[in-house]
Amino acid sequence: MTMRWLLLLLCPIMMIFMMRGMHSGSHNEKDDEQLKQDLENLKEQNDILSSELSDLKSRLK
């Protein structure tokens, strides 16, 4: 059950980072690099959570 909530929260969190990047008018390379790093971290977390969810689903079958 907890995994489901984490997956549901991951999408809006990623959207917040993307929207922040789109709406900030003055970018600099440091901000861009931080956003890229944040996005990469979120993708890694998403992969881990997806894997764990798949494992849990396979155990329930």
Side-chain angles (χ1 to χ4, degrees):
M1 188 69 171
T2 303
M3 298 300 285
R4 237 182 254 180
W5 284 107
L6 290 174
L7 288 173
L8 289 174
L9 291 174
L10 186 60
C11 184
I13 291 170
M14 286 179 64
M15 185 61 72
I16 290 170
F17 283 108
M18 286 188 242
M19 294 300 287
R20 187 181 98 200
M22 288 174 52
H23 289 292
S24 63
S26 60
H27 287 292
N28 62 33
E29 285 186 32
K30 187 175 180 180
D31 289 340
D32 289 343
E33 288 302 316
Q34 184 62 45
L35 286 174
K36 287 178 185 177
Q37 184 64 41
D38 291 344
L39 183 58
E40 194 61 37
N41 289 338
L42 288 171
K43 286 179 181 180
E44 288 174 13
Q45 291 174 3
N46 189 29
D47 290 342
I48 291 167
L49 290 172
S50 294
S51 174
E52 290 177 1
L53 182 61
S54 294
D55 290 342
L56 288 172
K57 284 181 179 180
S58 67
R59 290 180 191 174
L60 293 174
K61 289 184 180 181

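Values below: every heavy atom of this structure, side chains too, minus hydrogens, waters and symmetry copies.
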When rounded to the nearest 0.5 Å, the distance separating NZ of K57 from OG of S50 is 9.0 Å
Q. Please walk me through it: do E40 and E44 pass side-chain contact (heavy atoms from CB on, under 4.5 Å)?
A. CA-CA 6 Å; E40 194 61 37; E44 288 174 13; 4.0 Å; yes
Partner of S51 under side-chain contact (heavy atoms from CB on, under 4.5 Å), picked from L49, L53, D55, is D55
Rounded to the nearest 0.5 angstrom, the CG-CG distance for N46 and L39 is 10.5 Å
Original post:
Without hydrogens or angle criteria, can the side chains of Q45 and N41 be said to hold a donor-acceptor pair below 3.5 Å?
Top reply: no
